[in-house]
Amino acid sequence: MFRKILIANRGEIACRVIATAKRLGVATVAVYSEADAGARHTRLADEAWPIGPAPARESYLSIPTIVEVARRAGAEAIHPGYGFLSENAGFAEACAAAGIVFIGPPVAAIRAMGSKAESKALMERSGVPLVPGYHGVAQDLATLTSAAQRIGYPVLIKASAGGGGKGMRVVDRPDDFLDALEGAQREALASFGDDRVLIEKYLTRPRHIEIQVFADTQGNTVSLFERDCSIQRRHQKVLEEAPAPGMDPARRQAMGGAAVAAARAVGYVGAGTVEFIAEGDAFYFMEMNTRLQVEHPVTEMVTGLDLVEWQLRVAAGERLPVPPEHLAIRGHAIEARIYAEDPARDFLPSTGRLAHLRQPRQVPGQVRVDTGVRAGDAITPHYDPMIAKLIVWGEDRPTAVRRLAAALTEYEVVGVETNLGLLRAIATHPAFRSADLDTGFIARHGESLLPAVASPNSTDDLVVLAAAALAAVREQDMAIQAAARATGDPWSPWAAVDAWRMNGDGYQDLHFRRGDGVDITLRTHPLPDGAFRLDLPGGPVTASLVEDADGLLLAIDGVSRRLTVTRRGTELAVIIGGRNHALVQVDPLAPPRVEAAGGDRVTAPIPARVTRILVAPGDSVRKNAPLLVIEAMKMELTLRAPMDGIIAQVIHAVGEMVEEGSELVTFVTINAAG
Ligand code: ADP
Ligand code: ADP
Ligand code: MG
């Protein structure tokens, strides 16, 4: 086994690899960019080395820098995690050239599977079933158009070098083909420096089922069974589970056999995943990911194995730790990816500081949280917006689904938008409970999955207002007590202020603005026992808020509830069952706020990089015309004209970073008054 390894990654996967290394007594070297100084993974590792500025190109993707750090730190091997350099054959080669073990498959296997088109050609020769499609070398328009025609619409255009859903376009009709092709090629070129594409028949209600494979250097290759990753948004996984619902032993054996054949065909070593798309009884090879997969924990939960340990052992030349006949599935596991993104705004990534973060309590073997962040850390536009992975296990699927739903209600995140509401809605959705899964699940059930707008008179609303009011009063009390302590004078006027509240006639009015813009004034009357009478819109109640070791407990007319209240300036968040209710505490004496200029400005909705500019000063544009394209995290976003007009100025150049809210394009203003 290695004495010391370097982890060429960040976030939860770096933390995940470090955990296993620690358990095995292997020393760890973390690397970090300027944006990640002090990040969780740098604290868990034995050493942490800076590798450059925030943009991944200049840090986590810099092969010479990482290899040099490994050499200087004396690391014998490098674990690449997923994403970044994990499927980069050049990196694996650079490691070998420096005498460092790359914890992953041989260079030739990475190359063979690196192109979706070439790997499909290879699989075809090995007898692995493929989706009807075209993955040829010729890329001229006539060839591609007639291929699409022959395959039959709808078709899916994919970037051959693709990953992460980039350069992928569904085309429903021949008329849309050219536009979609150009879009896919452009995105592929920008993301992978390679604009080659392939075309597949677009299956309309498929499932994504993948097989985890493992191989050692002694010629043993096994299947560690399947994962169902059908719950996706924008063709990217959101929930994954193992085993796949409805999988029977014969089919498991057929798919496992095809996956092992695929791995053998390229001389595979280490952890890999063969992804299939399945419809009805048929399954087809999509691609092979030559690395550890994001969703590997569900396999770990049902097999009881540590796949990172297997990776390290295999890379160190050991045999597969468990013979195939001892491999089995026990129970059911589900993973949910918690993303900083806004499902209501087409899953736009959300950046910001995690002002408050509480994750579910981990229960060995049942509830696991893999994360790379702590409260106070920032989700930046530089990297993937995943906050954490929640993995649950149960004796059977219904138990696992229940545990998932319960654990999701324990999540508390303030500071960024998250997909928690969506995840909870999925976990409790009848179609999910009955395992009616396919890749169109989220799109099809869209309406019923978006968090319902709370009706203003619901119990929740009452609880939210009471909690906010009592929390505000409590803060005042604590501030007063602190001030009294600071003066050291128990008879100071500060301490005396408290006294009026002991008088039953005293009251205080608190003003809040609810998320729906409605202003509410609450009168709070202190009662002698420390509770309050609150005049709520629905009538008076007696309420108290106390804090114990588990947090806040709010009692209203004798009924108590656990909840959390956080404050940032005048913004309060009352979190009940993992759901955030935002309120603004209004100071009625403050001057009215000037609203930001209206909807005719073109601003960056998120910190991003300008990737394309489609207009120039003087151009006249119609409303909704594309103006420029920005990119943040894994997303490309086209910004459109808010109105008909003439462009005055394009403020940023291609390649520049822009802050959230910064103006990007201005229009010539026509002075109506003449
Ligand atoms: P990536 O490199 O982004 O992972 P994949 O080829 O693995 O790309 O496809 C990602 C997802 O796109 C799949 O999980 C599936 O939901 C969808 N998809 C891929 N190929 C097809 C197809 N032929 N028909 C329908 N959906 C597909
Ligand atoms: P998977 O099937 O494992 O989700 P993907 O090809 O979609 O495979 O990407 C692998 C994972 O790598 C993503 O889910 C994402 O979390 C991570 N990833 C991809 N690109 C980046 C990046 N630039 N920075 C950080 N993480 C990334
Ligand atoms: Mg894939």
Side-chain angles (χ1 to χ4, degrees), residues 82-84 86-88 110 113-121 123-124 128-135 147-148 150-172 180 183-184 187-188 190-192 194 196-213 226-241 244 255 259 262 271-280 282-296 335 337 347 384 386 437-444 633-636:
Y82 55 69
F84 295 131
S86 60
E87 296 181 277
N88 186 312
I110 302 178
M113 291 298 184
S115 154
K116 287 194 205 300
E118 284 162 39
S119 66
K120 289 181 80 169
M123 290 305 110
E124 202 164 33
V128 178
L130 304 181
V131 199
Y134 171 79
H135 50 264
R150 194 182 65 250
I151 296 162
Y153 286 85
V155 297
L156 181 62
I157 305 175
K158 284 185 190 176
S160 294
K166 279 187 175 165
M168 204 150 105
R169 293 282 192 290
V170 182
V171 197
D172 290 320
E187 215 168 284
S191 307
F192 315 108
D194 178 346
R196 283 173 298 170
V197 298
L198 59 92
I199 303 174
E200 287 178 3
K201 174 88 193 156
Y202 186 64
L203 307 180
T204 49
R205 227 171 145 151
R207 283 166 70 183
H208 173 119
I209 298 178
E210 59 185 31
I211 302 284
Q212 174 73 56
V213 293
E226 79 280 3
R227 293 182 287 255
D228 189 317
C229 313
S230 298
I231 305 290
Q232 305 185 342
R233 53 115 177 77
R234 303 162 156 273
H235 297 123
Q236 293 293 293
K237 301 158 188 168
V238 179
L239 285 157
E240 304 100 343
E241 57 187 285
M255 292 184 77
T273 295
V274 182
E275 295 190 330
F276 295 100
I277 193 143
E279 206 174 45
F283 62 88
Y284 310 101
F285 172 86
M286 266 196 300
E287 64 166 343
M288 180 169 187
N289 293 327
T290 54
R291 53 168 163 87
L292 191 67
Q293 202 94 330
V294 175
E295 57 275 18
H296 75 278
E335 171 179 282
R337 301 189 190 190
F347 303 99
D384 190 81
M386 193 164 76
L437 311 175
D438 67 90
T439 60
F441 184 98
I442 291 180
R444 189 167 59 254
M633 302 184 211
K634 290 168 83 185
M635 284 212 2
E636 203 179 70

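Residue numbers run from 1 in the order of the sequence given. Worth knowing before you read on, the calculation uses all heavy atoms, side chains too, and leaves out hydrogens, waters and symmetry mates. As the structure lists them, so they are numbered: ligands from 1, and atoms in each ligand from 1.
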Under a 4.0 angstrom heavy-atom cut-off, which atoms of ligand 1 come close to Gly164? 1 (P), 2 (O), 3 (O)
Quick one: which ligand 1 atoms are inside 4.0 Å of a heavy atom on Gln232? 11 (C), 13 (C), 14 (O), 15 (C), 16 (O)
Give yes or no for whether the N/O distance cutoff of 3.5 Å, strictly under, is met between Met168 and ligand 1. no
Say whether Leu203, considering both its backbone and side-chain N or O atoms, lies within less than 3.5 Å of an N or O atom on ligand 1. yes
Are Glu210 and Gln293 close enough that a side-chain donor and a side-chain acceptor fall under 3.5 Å? yes
Does Lys116 come within less than 4.0 Å of ligand 1, judged by its heavy atoms? yes
Element-labelled atoms of ligand 1 that are located less than 4.0 Å from some non-hydrogen atom of Glu287: 1 (P), 2 (O), 4 (O), 5 (P), 7 (O), 8 (O)
Looking at Arg233, I'd like to know if its CZ atom is crowded, meaning that more than 12 non-hydrogen atoms belonging to other residues, nucleotides or ligands lie closer than 6.0 Å. yes
Check: Lys237 main-chain N/O paired with Gln232 side-chain donor or acceptor under 3.5 Å: no
Just by distance, do the side chain of Ser86 and the backbone of Gly83 share a donor-acceptor pair under 3.5 Å? yes
So which of Arg207, Lys237, Met288, Met286 gets nearest to atom 9 (O) of ligand 1, if we judge by its closest heavy atom? Met286
Taking atom types as modelled and ignoring hydrogens, do the side chains of Arg227 and Thr273 form a donor-acceptor contact shorter than 3.5 angstrom? yes
Those atoms of ligand 1 less than 4.0 Å from some heavy atom in Thr439: 16 (O)
For Leu156, is at least one N or O under 3.5 Å away from an N or O on ligand 1? no
Based purely on interatomic distance, does Glu200 place a nitrogen or oxygen under 3.5 Å from a nitrogen or oxygen of ligand 1? yes
Locate the shortest heavy-atom distance separating Tyr153 from Ala148; write the atom from each residue and the value. OH-CB, 3.5 Å
Shortest non-hydrogen separation from Ser160 to Leu198 and the atoms involved: OG-N, 4.0 Å
Assess the side chains of Glu124 and His135: does a donor N or O sit below 3.5 Å from an acceptor N or O? yes
When you look for heavy atoms under 4.0 Å from ligand 1, do you find them on the side chain of Ile277, its backbone, both, or neither? side chain
Angular separation of OE2 (Glu287) and OE1 (Glu275) seen from the Mg ion (ligand 3), to 10°: 90°
Options Gly133, Gly165, Gly162, ranked by nearest heavy atom to atom 3 (O) of ligand 1, top entry: Gly165
Polar atom proximity, Lys158 to ligand 1 (N or O, under 3.5 Å): yes
Considering only heavy atoms of His208, which atoms of ligand 1 have at least one such atom less than 4.0 Å away? 13 (C), 14 (O)
Does any non-hydrogen side-chain atom of Ile277 lie less than 4.5 Å from one of Tyr284? yes
